[in-house]
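Working notes, beginning with the structure itself.
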Amino acid sequence: MKKIAVLGSGVVGQVLADGFLAHGYEVMRGTREPARLAEWKGKAGAKAAVGSFAEAARFGETIVLAVKGTAAESVLDLCGAASLAGKTVIDTTNPIAEKPPVHGVLSFFTTLEESLMERLQKRVPAARFVKAFSCAGNALMVNPKMKGGPPTMFICGNHDDAKAEVKAILVQFGWEIEDLGAVEAARAIEPLCILWCIPGFLSKRWTHALKMIEA
Ligand SMILES: NC(=O)c1ccc[n+]([C@@H]2O[C@H](COP(=O)([O-])OP(=O)(O)OC[C@H]3O[C@@H](n4cnc5c(N)ncnc54)[C@H](OP(=O)(O)O)[C@@H]3O)[C@@H](O)[C@H]2O)c1
């Protein structure tokens, strides 16, 4: 089992860190303020650790990036490119802009010609980014139980070995997978977050998931 770094002290970081621990992985969570996660570490057991972003990135053989979209590039800088080189980076982030939704529709700070993951891949070319978990609510990220069967996780990235690793994790976590190809597909995957959030903002429905179905 690879050692997992989960970069992020928010709810996504917690859910995925707990999910990896439940599946038997060793996990270090990264944050600018490790003391903030002391309580989580105390409850999470012997395979759980907490450190700075840089310490977690050094520890992880596989990295989960679960930070605010506006901070994602600076968190990669805090990790240091050398600690990310050659590693799979599971990119859960969404480029949500710092303004309120309009009629339930979020704004992004990116364009349809350049996704956040493309920016991240350019910032650390030696890391192997795979978009995943960005189009799912945190409550359903690990072993979702849905009436309609397993939901679909839309993923993409330039590195087939990294995607194979992420696909194996997603199968463990109870997901069907739709691999949409290279990093540019993040231009389509990231906005699924906007779609997913609309029922939440308009009618407080946050327990749905997306599924690809065939004729
Ligand atoms: N919430 C969901 O259900 C959901 C679902 C799918 C995808 N996502 C995406 O997953 C990511 C994480 O979401 P979240 O709700 O767990 O947490 P969040 O509040 O979006 O992000 C929290 C993390 O961002 C870091 N951060 C914030 N500002 C920073 C700055 N200026 N410099 C460095 N780091 C900074 C924080 O660092 P510190 O630890 O140092 O405070 C913390 O670790 C987001 O990109 C979100 O769009 C969320």
Side-chain angles (χ1 to χ4, degrees), residues 4-17 19-20 30 62-73 75-76 84 88-98 101 104-124 127-144 146 150-159 162-163 165-201 206-212:
I4 309 287
V6 177
L7 308 177
S9 63
V11 64
V12 174
Q14 173 150 348
V15 163
L16 291 178
F20 279 106
T62 297
I63 313 286
V64 178
L65 183 64
V67 297
K68 203 171 169 186
T70 50
E73 289 179 281
V75 169
L76 296 184
L84 302 171
T88 298
V89 180
I90 302 175
D91 173 25
T92 75
T93 64
N94 282 306
I96 298 171
E98 303 271 17
V105 180
L106 288 166
S107 292
F108 274 13
F109 60 79
T110 48
T111 69
L112 288 176
E113 277 73 48
E114 192 191 36
S115 62
L116 178 55
M117 194 168 86
E118 288 170 270
R119 289 195 195 177
L120 302 179
Q121 184 65 78
K122 280 180 199 147
R123 198 154 186 114
V124 188
R128 307 185 307 163
F129 285 87
V130 179
K131 197 92 213 168
F133 295 107
S134 63
C135 62
N138 66 79
L140 297 169
M141 284 179 175
V142 182
N143 301 110
M146 314 299 290
T152 307
M153 188 66 76
F154 297 88
I155 73 165
C156 69
N158 286 346
H159 300 85
K163 285 197 287 190
E165 183 188 343
V166 176
K167 286 175 189 175
I169 290 166
L170 287 167
V171 168
Q172 264 188 318
F173 283 19
W175 287 85
E176 280 179 0
I177 297 144
E178 187 70 31
D179 180 350
L180 296 178
V183 65
E184 291 79 10
R187 298 174 197 180
I189 295 174
E190 289 170 2
L192 291 175
C193 153
I194 302 177
L195 175 79
W196 186 86
C197 286
I198 292 173
F201 289 125
W206 297 103
T207 53
H208 50 285
L210 306 178
K211 187 169 178 71
M212 186 82 110

To the nearest 0.5 Å, what is the distance between [atom1] on [X] and [atom2] on [Y]?
| X | Y | atom1 | atom2 | value |
| --- | --- | --- | --- | --- |
| Leu170 | Thr152 | CG | OG1 | 11.0 Å |
| Met153 | Leu210 | CE | CG | 9.5 Å |
| Ile169 | Thr62 | CD1 | OG1 | 5.5 Å |
| Phe154 | Ile189 | CZ | CD1 | 8.0 Å |
| Leu84 | Arg123 | CG | CZ | 12.0 Å |
| Asn138 | Phe133 | CG | CZ | 11.5 Å |

Among Leu120, Asn158, Asp91, which residue satisfies the side-chain contact (heavy atoms from CB on, under 4.5 Å) criterion with Val183?
Asn158
For [X] against [Y], the heavy-atom pair lying closest together:
| X | Y | value |
| --- | --- | --- |
| Met117 | Gly157 | CE-CA, 4.1 Å |
| Thr92 | Ala66 | OG1-CA, 3.3 Å |
| Ala132 | Ile90 | CB-CG2, 3.9 Å |
| His208 | Met146 | C-CE, 4.1 Å |
| Cys135 | Trp196 | O-CD1, 4.0 Å |
| Leu116 | Ala72 | CD2-CB, 4.3 Å |

Any non-hydrogen side-chain atom of [X] less than 4.5 Å from a side-chain atom of [Y]?
| X | Y | answer |
| --- | --- | --- |
| Thr110 | Ser115 | no |
| Phe109 | Pro95 | yes |
| His159 | Glu165 | no |
| Glu190 | Lys131 | yes |
| Pro151 | Leu140 | no |
| Leu65 | Leu7 | yes |
| Pro191 | Leu112 | yes |
| Trp206 | Phe201 | yes |

Look at the side chain of [X] and the backbone N and O of [Y], then say whether any donor-acceptor pair between them is shorter than 3.5 Å.
| X | Y | answer |
| --- | --- | --- |
| Trp175 | Met141 | yes |
| Lys163 | Gly181 | yes |
| Glu178 | Lys211 | no |

